[in-house]
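Proteins come first, then strands; the chains are lettered A, B, ... in the order of their sequence lines, and each starts at number 1. Values reported hereafter were calculated over all heavy atoms of this structure, with side chains retained and with hydrogens, waters and symmetry mates removed. Model, not experiment: these values are computed from the prediction.
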Number of protein chains: 2
Amino acid sequence: MPTPTKITQKQVLTRAIAILDERGADALSMRELAKSLGVKAPSLYRYYPDKISLERAAVETGNRLLLEYVKAGCRRTEKSGMLLAAGHAYRKFAKAKPHLYSLMMEKRLILPPTSESGKALWEFVLALVRNVSGDTDGTACGVALWSFLHGFVSLEQAGRFGASGSRDGFTVGIEALAAGFAAANVHSK
Amino acid sequence: MPTPTKITQKQVLTRAIAILDERGADALSMRELAKSLGVKAPSLYRYYPDKISLERAAVETGNRLLLEYVKAGCRRTEKSGMLLAAGHAYRKFAKAKPHLYSLMMEKRLILPPTSESGKALWEFVLALVRNVSGDTDGTACGVALWSFLHGFVSLEQAGRFGASGSRDGFTVGIEALAAGFAAANVHSK
DNA sequence: GTCTATATGCGGATAGAC
DNA sequence: GTCTATCCGCATATAGAC
């Protein structure tokens, strides 16, 4: 064995996410990643055929981690506060991993519909809003909730709420949605 | 006059936005922009000192245009449907100018608080939610509304609602917020 | 005001030796 | 499996001639 294995696929992925976390998406180049792993850039192509495959793997990991956050946030909270708890968990994830979160939402990195991580996340959201609203479908409510959460954390991350901050916009929004979901179900009966 | 003026600052800006609309942000380079105007890249620096100044000008133009859309959408609609009308106009703008919209929301392109176009937009949103909610502040409601709208159009543009589409998520979300804003004001009295 | 030429830097990816 | 060397492309921006 003249050239013993220095790295594994898992290490490559973990290090990529670490760079993302520490220095952002612009800093994540194959050269930088290799240097950070103590190898040269061409070696990385033994583990991921191109950069976008690596990015997609990072997105999958992010999806799984986000689901963990949200599930943990919902545990041991009663139905009435469930949406708010889930929302806080979502926001917490985006704060902890801002660059990974942005990557997860990029258009060019949409995973195929077969992606387990994406489906699992969406199914959890649907179950959540069904539980709150009593609706049997939940698509519309899920879309509305996800839209609000994504919009809020995106604008917050971009610093668009200015010096005055978001005030209670987060709570106001979620409470309004929660009430609206329940009411909408009454009408649809 | 050995070298007569070929372009104006306004033309540079207009052409930049056109490229953005037609081919996206990645296609907007100083070289491409120059070529599209029939000049060479260095000439552009007579009109904008660097690329980011040009991008900021594009964002300002976008802000003004978005405000026009929203104002037009609200005209001749009664109070009860105001938020939905404004929302549809916001969405319509994002659909018409997706790449300009994305640029407007980029963190690195946040305009200084002195920016007239940004302030005017935010003031209009505040007036809108105050009108609906009766609240005298409106910051929290404005934040919630903006979050929902931005989140929805971002996810829609990124194709994240999948084949099934957003269903009635847009309407459900806005109606819920409208109802919630009014209710919140009752409590705060 | 526009030009040519260039400085300087970045990136992804591959061929082929060891 | 890792390496050196390299190809190829992109970009922003500037100096100085005309």
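- A cation-pi arrangement is absent between B:R91 and B:F152, since the terminal nitrogen or guanidinium carbon is not both under 6.0 Å from the aromatic centre and inside a 45° cone about the axis.
- Across all strands, A:Y48 comes closer than 4.0 Å to no nucleic acid atom at all (heavy-atom distances).
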Step by step, work out the salt bridge (Lys or Arg N to Asp or Glu O under 4.0 Å) result for B:D137 and A:R167.
CA-CA 10 Å; B:D137 179 2; A:R167 299 292 173 86; 2.9 Å; yes
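- For A:K40, no side-chain nitrogen or oxygen approaches OP1 or OP2 of D:dG1 to under 4.0 Å.
- Smallest separation of non-hydrogen atoms from A:A58 and A:I17: CB-CG1, 4.1 Å.
- The CG-P distance, from A:L44 to D:dG1, rounds to 13 Å in whole Å.
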Letter by letter from the 5' end, nucleotides 11-18 of chain C scores (B base, S sugar-phosphate only, - none; protein heavy atoms under 4.0 Å) BBBB----
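- Using a 4.0 Å cut-off between charged side-chain N and carboxylate O, A:E68 and A:K71 make no salt bridge.
- Whole-Å rounding puts the B:K35 NZ to C:dC3 P distance at 14 Å.
- In this structure, B:A120 and B:L67 approach most closely via the heavy-atom pair CB-CD2, 3.8 Å.
- Atom CG in A:L37 sits about 10 Å away from atom P in D:dT2, given to the nearest Å.
- Between C:dC3 and B:S43, a contact under 4.0 Å exists linking OP1 or OP2 to a side-chain N or O.
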Verdict with supporting geometry, A:E55 and A:R108, salt bridge (Lys or Arg N to Asp or Glu O under 4.0 Å):
CA-CA 10 Å; A:E55 291 174 313; A:R108 51 178 259 277; 2.4 Å; yes
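- Summarising the geometry, the separation between CG on A:L33 and C1' on C:dC10 is reported as 16 Å, rounded to the nearest angstrom.
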